[in-house]
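What follows is a set of notes on a single structure, which appears directly below.
Throughout, a chain's letter reflects where its sequence line sits, starting with A, and its residues are numbered from 1.
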There are 2 protein chains.
Amino acid sequence: MQTQGRHAMTNSSQNSTKCSTGGGALSCPPLKTHPSSFADVLQLLGAEGADLSAASQIPMVLRRVHGGESLAHEGTPADALFFVCAGTFKIFRTNEDGYEQVLAFAIRGEVLGFDALCMDSYPTAVSALEESSVYVVLKRDVFALSQLIPSFGVALQRAGSMTLTRSRELVELLAAVASEVKLARFLIQLSRRMAGCGQSPRRFHLRMGRREIASLLGVAHETVSRAFSALAAMGMVDVSDREVEILDLDGLKNFARSTRRHLNESSESRLPRPMVQRSDTGRRTMARALAA
Amino acid sequence: MQTQGRHAMTNSSQNSTKCSTGGGALSCPPLKTHPSSFADVLQLLGAEGADLSAASQIPMVLRRVHGGESLAHEGTPADALFFVCAGTFKIFRTNEDGYEQVLAFAIRGEVLGFDALCMDSYPTAVSALEESSVYVVLKRDVFALSQLIPSFGVALQRAGSMTLTRSRELVELLAAVASEVKLARFLIQLSRRMAGCGQSPRRFHLRMGRREIASLLGVAHETVSRAFSALAAMGMVDVSDREVEILDLDGLKNFARSTRRHLNESSESRLPRPMVQRSDTGRRTMARALAA
DNA sequence: CGATCAGTTGAAGGGTCTCAACGCGAGTGG
DNA sequence: CCACTCGCGTTGAGACCCTTCAACTGATCG
């Protein structure tokens, strides 16, 4: 689907700060109230249903979020937690220079605002990249909810733990590789997450622009563009604007293993490496060789 | 204190994989058992004491960890959660090439193994950088403990949230700056965390080596060394091996604000920068000018 | 005391940033 | 309807920061 042209999402995924509501997390029209919402959230987070008749007085609404709309603003009072039901979100911070640093992308099943549990205001901003929906839980209700529905507390812990794992994977991605390898790892992570949501792991539509990917990966957006071209020239992927198809997943995974130092300081190397030769970095050579 | 020479911690902070216990988190001699341990942990995490007489059958021990010893190995079954009571830890992953990617450092008050809550085996390894101690809580007891001592569950959530916030700050650090700025931001974060533990925010002893800092920051260790020299030449810090003194915290913070693009896509620049001239990137110029 | 390792510094090369130009699509308003 | 504007994505060219290799110092340890 989505056979529309190049910038189909342009009008909705532009610079945020548009039609955001800011405060008042429950101020949007609730499409659904609490009879089965708890069950939905628990299923969303991968937990088994339990005695969820207890918490009938605690509000939990499904909120619809338009593309470009903000769920949370950096520095504003943090009153709610969100569970992504559908759509895509970006988590970011805005520098005082105006530079937008993307910290993560979130899709179905993930929790938003978990980093605000330990403080009074949101440390990061959240905005939707497309038409999305989230379950809203007020922070002041989290404790009671965890008491009344124990599996909710467990599921919340698991979701937070998962978010931390994702963030650590991102650190690993950012810290020690060349730009094409960064992009390859990013695509693999994305592919895994899409598969976890029942989507195709080989072919998907990027909800974010090149600039946002570049911000996440810590490179210039031109470099992301060049990296896409390089991966395509290597036959790993097929890219047409935001439509991505992974042609050679094994090759991509193998390429994503490239490290910065091809010969590192571990003296007694556990696995001897016979194929790397001196006087050549190896990674760029590998890319060029495969591209030729 | 610690007037010893350059590599005082060498024998204890060397390559890990030494006297690690691996499995069996409770297999070390417990120095203390549960009467007041819960109160200690709650205070450690910044929560107020509560009805902690309920959970007298749940084991919670204070485990001593020697420098270089591992608390968790990547991929081994995850059975426990740890709360740092004293000392310093590094969280890292080892690439199949043997390259050690540091993901975070942890000090007093932080939780270790939170990312393992959502899976069966530890996704990251943890080892001590110095003589340290942690409270050990078995994963299978976390649920019961949260039920019996509600403030424990809240404190655990807060600790996880804090860890996620730290990880996001690290992503921000890694993603978009030059090496000296990276180091400056790293030092500022470290300073803040030291202050949070009651230590001096201006003068402290680095528990980790240049290679480990370099791995965290995603640069070569020589670059870290040069960045230290550059910050010292700018008069920001005074560095003698692992002893660091921050001389000009305001200047350091100001310098840490430097972004990659000195003229970014925000049209109306709020702070005009008069000293940068064309045909020069500006950040290196700034460093050299201050160093001269 | 030789070996080893952490840390520093220098020199050369290359990958990335930055600036620039171009094509393209969408929205706007004449 | 169509020029116009705007933003996204791509590609090229030059400058430069970082990586890599190398050598050196100093300290620890067997």
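- Of the side-chain N and O atoms in A/S225, none sit less than 4.0 angstrom from OP1 or OP2 of D/dG9.
- Applying the 4.0 Å criterion to OP1 and OP2 of D/dT19, one finds that B/T223 has a side-chain N or O inside that range.
- Rounded to an integer number of Å, the gap from CD of A/E180 to C1' of C/dT16 is 10 Å.
- Here A/S229 reaches the OP1 or OP2 of D/dT11: one of its side-chain N or O atoms lies under 4.0 Å away.
- B/L183 is listed as a side-chain neighbour of B/I213, based on a closest heavy-atom distance under 4.5 Å.
- The distance from atom CZ of B/R226 to atom C1' of C/dA11 is 9 Å, rounded to the nearest whole Å.
- Rounded to whole Å, the distance from CD on A/E243 to C1' on D/dG9 is 15 Å.
- One finds the OG1 atom of B/T223 at 9.0 Å from the CD atom of B/E180 (value rounded to the nearest 0.5 Å).
- A/D241 has its CG atom 15 Å from the C1' atom of D/dT11, to the nearest Å.
- Distance, B/K182 NZ to D/dC18 C1': 10 Å, rounded to whole Å.
- Between A/R242 and the phosphate of D/dG9, there is a side-chain N or O to OP1/OP2 separation shorter than 4.0 Å.
- Annotation: side chain of B/E212 is not in contact with side chain of B/L216 (no heavy-atom distance under 4.5 Å).
- Here C/dG10 presents its P atom at 13 Å from CD of B/E222, a figure rounded to the nearest Å.
- The CE-P distance, from A/M208 to D/dG7, rounds to 21 Å in whole Å.
- One interatomic measurement links the two molecules: CZ of A/R210 to C1' of D/dT10, which rounds to 9 Å at whole-angstrom precision.
- Note on A/E169 versus A/R192: no salt bridge recorded, every NZ/NE/NH1/NH2 to OD/OE distance being 4.0 Å or above.
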